[in-house]
Protein chains: 2
Amino acid sequence: MGDRVPKPTIKDVARAAGVSLGTASRVINSNATVNPKLRVKVLEAISILGYSPNAVAQSMRLKTTQAIAIIIRDITVPGFSHFIKSAQEILYDAGYVLMLAASEDSKDRELGILNSLARRRIDGLIMSTMSENDEDLVAAREEVGVPIVLLDREPTGTADAIILGYREGTQQAVEYLLNLGHARIALITGSLETRPGRERFLGYEDAFAAAGLAVDRRLMRARNFTPEYAFVESTAMLNGRDPPTAIIAGGVAMLPGVMRAIAASNLRIPADISVIGSINSELSELATPPITVVNVDYRAIGIEAARLLLDRLDNALEDPPRRLKFGTSLIIRQSCAPPTASRLR
Amino acid sequence: MGDRVPKPTIKDVARAAGVSLGTASRVINSNATVNPKLRVKVLEAISILGYSPNAVAQSMRLKTTQAIAIIIRDITVPGFSHFIKSAQEILYDAGYVLMLAASEDSKDRELGILNSLARRRIDGLIMSTMSENDEDLVAAREEVGVPIVLLDREPTGTADAIILGYREGTQQAVEYLLNLGHARIALITGSLETRPGRERFLGYEDAFAAAGLAVDRRLMRARNFTPEYAFVESTAMLNGRDPPTAIIAGGVAMLPGVMRAIAASNLRIPADISVIGSINSELSELATPPITVVNVDYRAIGIEAARLLLDRLDNALEDPPRRLKFGTSLIIRQSCAPPTASRLR
DNA sequence: ATTTCGTCATGTAACGTTTCATTCAAGAAG
DNA sequence: CTTCTTGAATGAAACGTTACATGACGAAAT
């Protein structure tokens with residue numbers, strides 16, 4: 001702003017208090033013994049000058065930035081934003097500041113971000129890579145050289161991880177639909193290069209296998225987790241031959257895409273098509289009818305991810321990597337019904 | 001992680017390349033003239049050692065952290081998250097990193113965050129304070145000593161500001177409802193200590209004044225912008241005497257609260273009650289019926305806020321504070337209808 | 001009375017950069 | 001052949017901290 005007056009340094013404080021630099025430092029970090037009279041002089045000088053320590057210089061000296069970064073695909077996804085919010089809260093309370101970056105499902109961007117963060121000497125990292133085994137990405141992560149908590153990704157190296165039980169969750173969802181009488185159940189999810197995509201596929205197959213039914217792979221689509229992709233695939237399947245009687249939106253951001261496709265195809269939920277979404281949201285709760293979802297508590301996950309990282313940081317320990325698993329719960333609402341005869345093949 | 005090997009410094013690079021520290025620095029910042037032979041030796045050393053400059057040390061020397069912070073009430077609000085996302089993108093592309101903090105509508109928290117950011121010597125700040133004129137908050141903002149862009153707040157001091165045309169937007173919404181035949185229109189919004197609350201009040205009054213009608217202040221509620229508050233006030237009004245025939249959710253996060261209250265009261269939109277929300281969202285778009293909203297494009301706003309700040313930073317100029325105004329648009333959907341006779345008083 | 005501690009304050013090095021004032025060598029000009 | 005001038009590399013200082021080694025000064029112990 002207007003005030004281009006440089007901020008006072010500890011040197012100014014020392015001068016104003018008539019003590020040495022070291023003494024001023026000692027009263028600020030109030031650990032060592034220091035003459036009470038000098039202490040008050042320093043304290044006075046601090047409040048008169050409005051001194052506050054320069055965190056950059058401290059970082060330089062102490063080799064810790066008290067900064068933690070979160071890299072995530074898209075912060076506007078409701079689940080992710082709750083994740084970030086709760087993690088930020090924990091981190092802030094522990095004295096860390098949060099750096100946030102969106103990788104946008106782009107390898108280059110993810111690499112660039114990792115690079116930039118490495119330079120900045122952050123203390124820790126919470127992220128969900130776009131591709132678990134990509135060499136460059138693995139190397140870039142390693143290069144940052146700080147503890148990492150991976151979010152629903154198969155951990156590589158020494159990273160800790162939070163993993164989500166989407167396999168069981170999807171299995172449960174599919175079984176629920178099978179029990180309602182559905183046979184043609186579509187699953188739309190993201191890349192199989194990441195854990196959540198693979199797990200949902202497995203869960204889907206588990207359910208069919210358990211029921212002794214064969215899966216129709218044409219109803220299983222996996223490219224990316226965006227609502228646009230969900231819209232495209234939903235539209236294609238709904239208007240193709242042998243349309244599904246139920247759709248599972250296998251990604252936290254995908255439900256809107258599916259719903260848009262259903263609306264555009266002039267179908268009604270659940271009379272014409274049953275729908276199950278991933279994670280609870282205002283939309284799934286307040287839609288008419290409310291949408292059944294495979295829920296997972298992203299607030300809790302954010303908290304635990306932050307704690308996991310802080311713990312690792314505190315006890316810099318060489319403990320083996322840890323992985324924390326979070327289960328899912330099927331929140332049954334009114335978006336699923338037995339398939340209508342007319343739409344059965 | 002495992003590698004506790006300290007990262008190579010420019011000194012290591014210089015030694016490995018057999019040149020002086022200054023020379024290494026010059027080839028890294030590739031501005032000055034340097035002997036081509038030495039240049040390649042340095043470059044080789046850099047790639048062999050895997051050197052990347054320490055941003056903390058650079059910040060120390062250059063007195064710029066290339067970090068910009070956003071402080072916002074709640075990052076999970078869909079509009080805000082889009083704001084953050086687009087701002088982050090612009091900032092990242094300009095070489096800045098984003099620090100994010102949630103103020104949670106708490107003065108203490110906001111103060112604490114400002115303090116922490118001041119220490120960290122961020123380069124700029126985008127925020128929306130919880131109370132525009134609170135002395136402590138004004139002082140704390142000043143104390144950070146960097147350019148600020150205020151988001152939909154009356155700027156103090158030298159801060160730039162993005163302001164939103166909620167007054168006109170609300171007036172337009174109220175007029176729309178008046179034209180449909182509504183007379184008892186509820187407005188629920190946040191604190192009048194901030195601009196958006198006040199502006200909505202004014203817009204509401206403008207519309208009634210223009211129609212030559214008197215406002216019923218009991219239908220105007222303003223405390224805070226949360227869905228919980230919207231739920232409480234909606235429920236109270238809908239089940240009280242002389243219930244409104246239309247409700248305007250005057251805050252970007254409030255529509256879900258209003259909708260929950262309507263559902264809980266077993267009313268139908270728009271047959272029993274008309275509803276207008278603030279800003280477009282997946283919920284307003286995909287609800288049944290889709291909800292009419294006073295929209296404002298938070299993506300565009302995020303971009304402009306970032307640009308405004310970058311511009312100020314680039315031309316460190318003492319230009320007078322700027323304010324950019326964004327208009328609103330009424331997106332008419334199916335949540336409003338003429339009031340039903342039976343519910344008119 | 002001299003030595004030995006212990007208590008506190010001081011001064012300084014170091015963290016990893018960038019930049020500025022020097023130095024040095026070599027080529028051009030007298 | 002000497003002197004200037006230019007171009008390029010070097011060395012050192014500085015940014016704001018913290019921490020460590022030193023030093024000063026009394027008090028206690030021999």
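Chain identifiers are assigned alphabetically (A, B, ...) following the order of the sequence lines, protein sequences preceding nucleic acid strands; residue numbering begins at 1 within each chain.
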For A:Asp93 and B:Arg109, the nearest pair of non-hydrogen atoms, with its separation, is OD1-NH2, 2.7 Å

Nearest-Å distance for atom pair [atom1]/[atom2], residues [X] and [N]:
| X | N | atom1 | atom2 | value |
| --- | --- | --- | --- | --- |
| B:Ile46 | C:dT17 | CD1 | P | 10 Å |
| B:Asp12 | C:dC15 | CG | P | 10 Å |
| A:Lys11 | C:dT12 | NZ | C1' | 11 Å |
| B:Arg120 | D:dT17 | CZ | P | 14 Å |
| A:Lys7 | D:dG16 | NZ | P | 12 Å |
| B:Leu49 | C:dG16 | CG | P | 14 Å |
| B:Arg121 | D:dT17 | CZ | P | 7 Å |
| B:Met60 | D:dC15 | CE | P | 9 Å |

Sub-3.5 Å pairs of nitrogen or oxygen atoms, protein against nucleotides 8-12 of chain D:
| residue | atom | partner | partner atom | Å |
| --- | --- | --- | --- | --- |
| D:dA8 | OP2 | B:Thr33 | OG1 | 3.0 |
| D:dA9 | OP1 | B:Asn35 | N | 3.0 |
| D:dA9 | OP2 | B:Asn35 | N | 3.0 |
| D:dT10 | OP2 | B:Ser20 | N | 2.9 |
| D:dT10 | OP2 | B:Ser20 | OG | 3.1 |
| D:dT10 | OP2 | B:Thr23 | OG1 | 2.6 |

Look at B:Lys63 and D:dG16 and indicate whether a side-chain polar atom (N or O) is within less than 4.0 Å of OP1 or OP2.
-> yes

Without hydrogens or angle criteria, can the side chains of A:Arg121 and A:Ser59 be said to hold a donor-acceptor pair below 3.5 Å?
-> no

Go through the side-chain N and O atoms of A:Thr23 and A:Ser20 and say whether any donor and acceptor fall under 3.5 Å apart.
-> yes

Listed by chain and number, what are the ring-ring contact (aromatic ring centres under 6.0 Å, His included) partners of B:Tyr96, not counting sequence neighbours?
-> none

Can you give me every donor-acceptor pair (side chain of residues 123-130 of chain A, partner residue at least two apart or in another chain, under 3.5 Å) with its distance?
| residue | atom | partner | partner atom | Å |
| --- | --- | --- | --- | --- |
| A:Asp123 | OD1 | A:Thr65 | N | 3.1 |
| A:Asp123 | OD1 | A:Thr65 | OG1 | 3.3 |
| A:Asp123 | OD2 | A:Thr64 | OG1 | 2.6 |
| A:Asp123 | OD2 | A:Thr65 | N | 3.3 |
| A:Asp123 | OD2 | A:Gln66 | N | 2.8 |
| A:Thr129 | OG1 | A:Glu110 | OE2 | 2.6 |
| A:Thr129 | OG1 | A:Ser131 | N | 3.3 |
| A:Thr129 | OG1 | A:Ser131 | O | 3.3 |

Are side-chain heavy atoms of B:Pro196 and B:Leu164 found at a separation under 4.5 Å?
-> no

Closest of C:dT19, C:dT17, D:dG16 to the B:Leu62 side chain is C:dT19

